[in-house]
Amino acid sequence: MINFPQWLQLISPIATVIGVIIAAWSIYTNTQNAKKRGTIDMIVQERNNSELQKAVSRVNQLAKQNKECIYAAYISEDEKFAEDRAAILKVLNHREFMSVAILGGALDEKIYKSFQYSMHMRDWNNLSGFVTELRKKKQIDTMFQEFECLAKRWKKKPLKEKKK
C-alpha cells in the first residue's frame, strides 16, 4: 500500500468542507432569488387584480369623504353599504396577507417596500382608525396586527429618496 504524506490525507476532508460550503451558499442564493422573484410576481398580480384595485379606489374615496365614513359604512346594517364593507375588508385582508408574508420572510421586504411603500402607508393611514374601532367592537386586539406592525416599522424607517 502506498503511504501518502500526511498533508495529502487532508485534501479529501478539506475538499468536502469546501463542497459543503459552496452547496450551502448556492442553496441560500437560490432561496433569496426565489423570494425576490415571488415578491415581484405578487406585486404584478396585485396590480393586475382589478377587484383589489377597485376596492382600494373605493376605500380611498371613503377616506377622502371622511375617515369616520369608513367605519360607518362597515358597521351599518343597511344593504346600500354592502359593497363598501366588502371593499374595506378586501383591502384590509390583502394588506394583512402581504404583511404576514413579508414579516414571515416569505417575501422580500426591501423589494416590496420599494414598490408599495406609498400605497401600504396610505392604506394604513386611511384604515388605522377603523381597525382600532373594529378591535374594540369585536374585542379582538390582534385583528390586522401584522398590517399595523409593518406600517409602524416602515414609518420608523421610511423609504428614502434615491440619490441621482
Quiz: residues 20-29 side-chain donor-acceptor pairs under 3.5 angstrom, not counting sequence neighbours:
{"from": "Thr29", "atom 1": "OG1", "to": "Trp25", "atom 2": "O", "distance (Å)": "3.1"}
{"from": "Thr29", "atom 1": "OG1", "to": "Ser26", "atom 2": "O", "distance (Å)": "3.1"}

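Applying the salt bridge (Lys or Arg N to Asp or Glu O under 4.0 Å) definition to pairs two or more places apart or across chains, none involves residues 15-24. Here salt bridge (Lys or Arg N to Asp or Glu O under 4.0 Å) pairs that include residues 87-107, with residues two or more places apart or in two chains, are Glu46-Arg95, Glu51-Lys90, Arg95-Asp123. Within the structure, every pair that satisfies the salt bridge (Lys or Arg N to Asp or Glu O under 4.0 Å) test and touches residues 27-43, not counting sequence neighbours, is listed here: Arg37-Asp41. Residue pairs satisfying the ring pair (Phe, Tyr, Trp, His ring centres under 6.0 Å) criterion with at least one member in residues 41-61, sequence neighbours excluded, are absent.
Residues passing the side-chain contact (heavy atoms from CB on, under 4.5 Å) test with Tyr117, sequence neighbours excluded: Lys113, Met121, Trp154, Pro158, Leu159. Contacts of Glu146 classified as salt bridge (Lys or Arg N to Asp or Glu O under 4.0 Å), with partners at least two apart in sequence or in another chain: none. In terms of the salt bridge (Lys or Arg N to Asp or Glu O under 4.0 Å) criterion, residue partners of Lys152 (sequence neighbours excluded) are, by chain and number, Glu148. Residues that satisfy the side-chain contact (heavy atoms from CB on, under 4.5 Å) test with Ala82, not counting sequence neighbours, are Glu79, Arg85. For the ring pair (Phe, Tyr, Trp, His ring centres under 6.0 Å) test, no residue two or more places apart in sequence or in another chain qualifies with His94. Asp108 is linked by a salt bridge (Lys or Arg N to Asp or Glu O under 4.0 Å) to nothing, counting only residues two or more places apart in sequence or in another chain. Every residue meeting the salt bridge (Lys or Arg N to Asp or Glu O under 4.0 Å) condition with Lys136, not counting sequence neighbours, appears here in chain and number order: Glu133.
A distance of 10.0 Å separates CZ of Phe81 from CD1 of Ile88, quoted to the nearest 0.5 Å. Taken from CH2 in Trp124 to CZ in Phe130, the straight-line distance is 11.0 Å, to the nearest 0.5 Å. Separation of atoms OG (Ser128) and CZ (Phe144) is listed at 13.0 Å; rounding is to 0.5 Å. Atoms CZ and CG, from Phe147 and Asn93 in turn, are 10.5 Å apart once rounded to the nearest 0.5 Å. Residue Glu109 holds its CD atom at 11.5 Å from CD1 of Ile111, rounded to the nearest 0.5 Å. Expressed to the nearest 0.5 Å, how far CE of Met119 lies from CD1 of Ile43 amounts to 9.0 Å.
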Worksheet entry | CA sep, side-chain torsions, deciding dist, call: Arg58, Gln61, side chain to side chain contact (heavy atoms under 4.5 Å, CB included) | CA-CA 5 Å; Arg58 183 60 188 145; Gln61 288 173 341; 2.9 Å; yes
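Counting all heavy atoms, side chain and backbone alike, Val59 lies closest to Leu127 at CG1-CD2, 3.9 Å.
Placement of Leu52 and Tyr112 in two distinct hydrophobic clusters is found when ILVMFWY residues are connected by side-chain heavy-atom separations under 4.5 Å, directly or transitively. Under the 4.5 Å side-chain heavy-atom criterion for grouping Ile, Leu, Val, Met, Phe, Trp and Tyr, Ile40 is connected to Phe97 within one hydrophobic cluster.
Counting heavy atoms from C-beta outward, Gln116 and Met98 have side chains that stay 4.5 Å or more apart. His120 places a side-chain heavy atom less than 4.5 Å from the side chain of Leu150. No side-chain heavy atom of Asn126 sits less than 4.5 Å from a side-chain heavy atom of Val91.
Counting non-hydrogen atoms of other residues, nucleotides and ligands closer than 6.0 Å to CD of Gln32 gives a total above 12.
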